[in-house]
Structures are given as C-alpha cells and as structure tokens.
K.L.:
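Quick one: the structure is below, questions incoming.
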Amino acid sequence: MSGLPDALTDFGPAAFAAVVVAVYLVAGEPVAGHVLHRRFEGRLRTDPDARRSFYGRLLVLEWGLALLALAVWLAAPGVDAAAVGLAWPQSWPGPLTSLLVVLVLVFVVASTRALRGGALMEATAPPPRRPPGQGRHAEPPGHATLALLPRTAGERRLFTVVGVTAGICEEWLYRGFFLAVVAAVAGDLPGWVLVAIAAVAFGLAHAYQGRAGILLTGVLGGVMAALYLSTESLLLPVLLHAAIDLRFLLVPTRVLPTTRPAW
C-alpha cells in the first residue's frame with residue numbers, strides 16, 4: 001500500500017499519542033481482554049443479565065478506543081484519510097485477493113453449518129475428571145466463545161450491534177490506524193511483513209480465547225490486513241469481519257446451554 005505514512009513525523013504533534021495507542025493494542029489489550037472476560041464468565045454463574053451487561057461494556061470500550069484513535073489521527077497533519085484506509089477501494093481485488101475473499105466466505109458458511117449442528121457444544125464438553133493426584137482439571141477449549149454467544153431475543157439484538165461494532169472498530173484500530181503507525185515507525189516495510197505484524201497483534205488481542213483462538217483470529221487478522229493493503233480501503237475487511245461475527249446469530253438457542261456450565 002503506497003499511501004502509508006513514511007515517517008513518524010507525519011503524525012506531527014500526535015506522534016507520541018499514536019505510538020502509545022498502538023503499543024496498547026499489542027500489549028495492553030490482551031491483558032485487559034483476559035481480565036474482563038474472566039470476570040464476565042464468573043458473573044454468568046449468578047447474574048442473568050451478565051451477558052447483556054458485558055455486551056454494553058464491550059460497546060463502550062470498543063467505540064471509546066476507536067474514537068481515541070480517530071482523535072489522534074485527526075491531530076496528525078501529515079496523515080490523510082487514504083493513509084488509514086478511510087477511502088473507497090482504490091483497486092478491486094486481484095486473483096489472489098479474490099481467492100482470500102472466497103476462502104473467508106467458505107469459512108463463514110462451513111463454520112455456521114457446524115455451529116448449527118452443535119459443534120461448539122461438543123468442543124466445549126469437559127473431559128472426564130482425573131482421579132486425585134493425576135493433574136488439575138482444565139477448562140475445555142472454546143468455553144470463552146460459548147459464553148459470549150447470545151441466548152435470548154434481547155441478547156441477540158444487542159449482539160447484532162456488537163458484531164457490527166467489531167467489524168467497524170477493530171478494522172479501523174488494527175488495520176487502518178495500527179498499520180499506519182507501524183509503517184511510520186519502521187519505515188518502508190514489505191507488505192507481507194505488515195500482514196504478519198497485523199496477524200500477530202490481532203491474535204494476541206484475543207488471547208482470552210486460548211491458543212486455538214489466538215491462531216484462528218491471527219489468521220483472519222492477517223487475511224483482513226492483506227485485503228486492506230491490496231484494496232487500500234477498510235471497506236471490504238469491515239464487511240467480512242462483521243459477517244464473521246454475525247454468523248453466530250444463525251446458531252439456534254437449542255444447541256447452546258442457557259447458562260454457563262460449571263466446568
């Protein structure tokens with residue numbers, strides 16, 4: 001992407017703030033996310049409104065951080081809208097990029113079918129407890145994702161807003177803003193390096209989902225970065241990101257527990 005900032009001086013008086021926000025996205029967000037999700041999962045045992053409350057908190061945090069990054073960018077005189085992806089696509093996807101889009105759509109369809117069939121319940125079923133002295137019983141992988149999914153009609157409506165918010169705010173933060181700061185700090189980096197950096201940062205931001213979650217979100221984050229850099233716009237990544245999150249609305253309540261299991 002040729003329009004990325006060439007130097008940190010392009011951010012002018014906002015340079016320090018831009019670096020602070022970028023560092024937080026890589027180092028602070030994984031810690032904050034882990035703490036918030038642990039507390040949320042604990043509340044699910046006793047508070048029937050815990051999920052709605054958590055959705056509301058997510059909306060405040062994501063929009064708050066996105067607006068902070070927006071304010072930093074607005075204070076950067078040498079970084080125009082195109083440099084952070086706030087523009088219509090400058091070029092439409094080529095063969096490789098189009099293949100990535102198709103693969104993402106296939107993932108959305110295939111994973112939705114699996115989820116509707118109860119795959120997530122099977123993945124989160126706790127293994128038999130070990131006899132005393134043979135190791136500690138661990139929480140099953142995927143429990144964090146299961147806890148987040150809406151059960152009631154009210155939760156589904158609020159989750160729709162959360163899914164759209166994630167598509168807009170996270171693409172702006174981790175692709176548009178973050179990669180602009182990385183390019184400004186590191187100079188002229190190859191596209192594949194920017195994709196790798198975006199993948200690692202986005203995967204770490206989902207550390208609360210465990211190793212499998214980090215890997216999956218990291219791969220998807222890299223794909224979104226590749227789409228962004230090839231089209232020079234956040235439009236396509238935002239739409240695909242929202243579709244990935246909103247697919248959970250197609251999972252019927254009957255294949256989900258009404259409360260969080262006591263694993």
K.L.:
Any idea how Phe178 and Tyr174 line up, ring-wise: parallel (<30°), tilted (30 to 60°), or perpendicular (>60°)?
P.N.:
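The arrangement is tilted - the two ring planes meet at 30° to 60°.
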K.L.:
Report yes or no: is the cationic atom of Arg57 (NZ for Lys, CZ for Arg) closer than 6.0 Å to the six-membered ring centre of Phe40, at no more than 45° off its axis?
P.N.:
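No, cation not above the ring by the 6.0 Å, 45° rule.
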K.L.:
Compare every heavy atom of Val108 with every heavy atom of Ser111, then report the nearest pair and how far apart it is.
P.N.:
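So the two residues come closest at OG-O, 3.2 Å.
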K.L.:
Looking at Leu227 and Pro237, what are the two nearest heavy atoms and their distance?
P.N.:
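It is CB-CG, 4.2 Å.
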K.L.:
Identify whether Val20 and Ile197 are in the same connected component of the hydrophobic contact network (ILVMFWY, side-chain heavy atoms under 4.5 Å).
P.N.:
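Val20 does not cluster with Ile197.
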K.L.:
Mind jotting down which residue pairs meet the side-chain hydrogen bond (donor to acceptor under 3.5 Å, both in side chains) criterion with at least one end in residues 14-28? Sequence neighbours excluded, please.
P.N.:
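Pairs touching residues 14-28 that pass the test: Tyr24-Glu29.
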K.L.:
Give me the ring orientation class for His37 and Tyr208: parallel if the planes are under 30° apart, tilted from 30 to 60°, perpendicular past 60°.
P.N.:
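Parallel.
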K.L.:
So, Arg116 side chain and Arg113 main chain: donor-acceptor pair closer than 3.5 Å or not?
P.N.:
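Looks like no, no N/O pair under 3.5 Å.
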K.L.:
Which atoms form the tightest heavy-atom contact between Leu204 and Ile214, and what is the distance?
P.N.:
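Scanning both residues, the minimum pair turns out to be N-CG2, 4.4 Å.
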K.L.:
Enumerate the side-chain hydrogen bond (donor to acceptor under 3.5 Å, both in side chains) contacts for residues 60-82, please, sequence neighbours excluded, ordered by first and then second residue.
P.N.:
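Matches after skipping sequence neighbours: Trp63-Thr165.
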K.L.:
Say whether, by atom type as modelled, one donor and one acceptor occur between the side chain of Arg175 and the main chain of Leu173 under 3.5 angstrom.
P.N.:
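Side chain of Arg175 to backbone of Leu173: no pair is present.
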K.L.:
Roughly how far apart are Leu240 CG and Glu171 CD, rounded to 0.5 Å?
P.N.:
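Between atom CG of Leu240 and atom CD of Glu171 there are 8.5 Å.
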K.L.:
Quick test of your reading: applying side-chain hydrogen bond (donor to acceptor under 3.5 Å, both in side chains), list the pairs with at least one residue in residues 187-203, sequence neighbours left out, ordered by first then second residue.
P.N.:
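Output for this query is empty, none listed.
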K.L.:
Picking from Arg43, Arg45, Arg51, what satisfies salt bridge (charged side-chain N to carboxylate O under 4.0 Å, His left out) with Asp47?
P.N.:
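Running salt bridge (charged side-chain N to carboxylate O under 4.0 Å, His left out) over Arg43, Arg45, Arg51 with Asp47 returns exactly one hit, Arg43.
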K.L.:
Which residue, Leu239, Val238, Asp245, forms the side chain to side chain contact (heavy atoms under 4.5 Å, CB included) with His241?
P.N.:
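So, applying the side chain to side chain contact (heavy atoms under 4.5 Å, CB included) to His241 and each of Leu239, Val238, Asp245, only Asp245 qualifies.
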K.L.:
Counting N and O atoms only, with roles assigned by atom type, does the side chain of Tyr55 sit under 3.5 Å from a partner on the main chain of Leu148, one being a donor and the other an acceptor?
P.N.:
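Pair found, side chain donor or acceptor close to backbone of Leu148.
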